[in-house]
Every structure is written in C-alpha cells, then in structure tokens.
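Input: a single structure, listed below in structure tokens.
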Amino acid sequence: MLEIDGRAAVVLPDNVLFEGGAGETIRRRLLKQYDLHTMLRLPTGIFYAGGVKANVLFFERKRAREEPWTSKLWVYDFRTNKHFTLKQNPLRREHLQELVDCYLPGKDRAERVESERFRAYDYDELLSRDKVNLDITWLKDASLEDADALLPPEVIAQEIVEDLQAALREFAAIADALTNRPGARVESSSAAY
C-alpha cells in the first residue's frame with residue numbers, strides 16, 4: 001500500500017525478526033525491494049503487553065530494480081540495559097535524544113556514525129545470517145552478568161502486578177466478547193475469582 005518513494009515506520013514484535021518461513025520471505029523482500037535503513041530495538045512493554053519486546057523498522061519503498069535497495073541497516077539498541085515502567089520510570093521524549101542525534105533526521109545517512117548503541121550492517125552481512133535473522137544484538141546485558149545490576153525486588157513485583165492486571169483486562173475483554181456473541185450460552189458459576 002506504500003507508494004513509490006513513500007516512507008514508513010512499523011512497530012513489530014521480536015519474533016517477526018527471526019522466524020523462518022513467511023517471516024524469512026518477508027525480510028528478504030523488505031531488504032531487496034525497500035530501503036530498510038534503520039531499526040530501533042525497544043525495551044519490553046513499550047508497545048505491546050508486558051514481556052513482549054518490540055522493534056520499529058524505518059523503510060522507504062522504491063521502484064523495482066535488480067540490485068537490492070537496502071545497502072546498510074542501522075540498528076539502534078534502546079533495549080539493552082534500559083528499563084522503563086508505566087509508573088515509576090516512564091519513557092519520556094528526552095530518553096530518545098541520543099537516537100535522534102544518531103538518526104540525523106533530514107541529513108544524508110552517509111553522515112551517520114557508529115556509537116556504542118548504534119551500528120550499521122551491510123546487505124550481504126544481513127543476508128548471510130541464518131534465515132536472514134534481524135534480531136541483532138551486540139551489547140552485554142548487565143543484569144545477566146551481575147546480580148547487583150538486577151532491578152530492586154519492589155520494582156520487579158510492581159511490574160508483575162502490572163503485567164497480571166493487563167492480562168486480566170485482556171481475558172475479561174475476551175470473556176465479554178464470547179458472552180455477547182449471538183447464540184452464546186451463559187451459565188451461572190459459583191466459582192469465586
């Protein structure tokens with residue numbers, strides 16, 4: 001649906017970056033027929049329910065040609081060693097300033113420079129990865145190597161509560177939809193919730 005020379009930013013869960021089959025076919029097509037120039041790896045829970053990691057792919061649609069349109073994919077890791085919550089540490093615009101500085105909006109991407117969180121990968125390098133896997137990581141997660149880097153127990157407990165509340169709301173919406181569909185049987189239950 002994107003017009004020639006149209007630009008898009010699409011939010012996708014992690015599994016779209018590495019699954020085989022149709023996922024691999026789509027990644028190959030995206031790299032060849034579009035200029036997939038930037039990927040933002042987001043922390044858990046920013047766009048999807050708690051526990052689901054998301055990414056934003058930035059690309060442009062191009063006219064058909066033999067050679068691939070993607071020459072270099074720039075990946076910004078905003079996930080590793082970053083932690084945000086809805087209440088205690090919400091994501092704010094200023095947290096994204098380094099990404100904006102690296103992205104260089106309105107400037108030639110040839111001017112981009114690699115940093116600790118911003119790396120470039122060539123088309124051939126991407127294609128050589130198993131199943132054209134775009135789940136690219138290079139930073140070490142401090143919490144996996146150092147127990148002192150773990151979040152405080154009260155933060156972990158609050159996140160669990162938020163995740164469970166979100167799941168309960170989703171299940172309640174499903175139950176309501178099933179109850180209110182035509183021909184649904186409603187039976188009384190004495191089970192306590």
For Glu114, look at atom CD and say whether over 12 heavy atoms of other residues, nucleotides or ligands are found less than 6.0 Å away.
yes
Within the side chain of Asp122, is there an N or O that forms a donor-acceptor pair under 3.5 Å with the backbone of Asp124?
no
Please check if Trp138 and Leu126 belong to a single hydrophobic cluster, counting links between Ile, Leu, Val, Met, Phe, Trp and Tyr side chain heavy atoms closer than 4.5 Å.
yes
Decide yes or no for Leu40 and Leu42: does some side-chain heavy atom of the first lie under 4.5 Å from some side-chain heavy atom of the second?
yes
To the nearest 0.5 Å, what is the distance between CG on Leu96 and CG on Asp101?
11.0 Å
For Ser115 and Glu98, which heavy atoms make the closest approach, and how far apart are they?
OG-OE2, 4.1 Å
Are Phe59 and Leu104 connected, step by step, through hydrophobic side chains (Ile, Leu, Val, Met, Phe, Trp, Tyr) whose heavy atoms are closer than 4.5 Å?
no
Residue pairs passing the salt bridge (Lys or Arg N to Asp or Glu O under 4.0 Å) test where at least one lies in residues 33-46, sequence neighbours excluded:
Asp35-Arg109, Arg41-Asp135
Under 3.5 Å, is there a donor-acceptor pair between the side chain of Arg65 and the main chain of Glu67?
yes
Between Tyr123 and Trp69, is there a shared hydrophobic cluster once you connect ILVMFWY residues whose side-chain heavy atoms come closer than 4.5 Å?
no
Does the Arg7 side chain pair with the main chain of Phe58, one donor and one acceptor, at a distance under 3.5 Å?
no
Could you grab the distance from atom NZ of Lys53 to atom CG of Leu12, nearest 0.5 Å is fine?
16.0 Å
Any chance CZ of Arg63 has more than 12 other-residue heavy atoms, nucleotides or ligands included, within less than 6.0 Å?
no
Check step by step if salt bridge (Lys or Arg N to Asp or Glu O under 4.0 Å) holds for Arg79 and Asp14.
CA-CA 12 Å; Arg79 179 181 302 166; Asp14 263 9; 2.9 Å; yes
Would you say that more than 12 heavy atoms from the other residues, nucleotides or ligands in this model lie under 6.0 Å from the NZ of Lys32, or not?
yes
Do Ile26 and Leu57 share a hydrophobic cluster (ILVMFWY, side-chain heavy atoms under 4.5 Å, transitive)?
no
Would you check if the side chain of Arg27 reaches a backbone N or O of Lys131 as a donor-acceptor pair within less than 3.5 Å?
yes
Derivation of the side-chain contact (heavy atoms from CB on, under 4.5 Å) call for Glu24 and Asp130:
CA-CA 9 Å; Glu24 179 181 353; Asp130 183 42; over 6 Å; no
Should the pair Phe118 and Trp74 be assigned to parallel (<30°), tilted (30 to 60°) or perpendicular (>60°) ring geometry?
parallel
Would you check if the side chain of Asp108 reaches a backbone N or O of Glu111 as a donor-acceptor pair within less than 3.5 Å?
no
Kindly indicate whether the side chain of Val75, heavy atoms from C-beta on, has any atom under 4.5 Å from the side chain of Leu73.
yes
In Å, rounded to the nearest 0.5 Å, how long is the span from OG of Ser71 to CG of Leu31?
11.0 Å
Do Asp77 and Met39 have side-chain heavy atoms sitting under 4.5 Å apart?
no
Strictly distance-based, threshold 3.5 Å: is any side-chain N or O of Thr70 a donor or acceptor partner for the main-chain N or O of Tyr34?
yes
With a 4.0 Å cut-off, would you call Glu125 and Arg129 a salt bridge?
no
Would you give the length of the straight line joining atom CG of Leu134 to atom CG of Leu17, rounded to the nearest 0.5 angstrom?
6.0 Å
Looking at side-chain heavy atoms only, is the closest gap between Lys72 and His37 below 4.5 Å?
no
Qualifying residue, where the test is side chain to side chain contact (heavy atoms under 4.5 Å, CB included) with Phe78 and the options are Leu91, Leu99, Asn55
Leu91
Can you find a pair of side-chain heavy atoms, one from Glu60 and one from Asp5, that are under 4.5 Å apart?
no
Side-chain donor-acceptor contact under 3.5 Å, Asp176 with Thr179:
no
Would you say Ile136 and Tyr121 make side-chain contact, with heavy atoms under 4.5 Å?
yes
How long is the gap from CD1 on Ile4 to NZ on Lys62, to the nearest 0.5 Å?
9.5 Å
Find the distance between CG (Asn133) and CD (Glu19) and round it off to the nearest 0.5 Å.
11.0 Å
Is it the case that one hydrophobic cluster holds both Leu127 and Val16, taking links as side-chain heavy atoms less than 4.5 Å apart, direct or via other members?
yes
Gln33 backbone acceptor or donor facing Arg61 side chain under 3.5 Å:
no
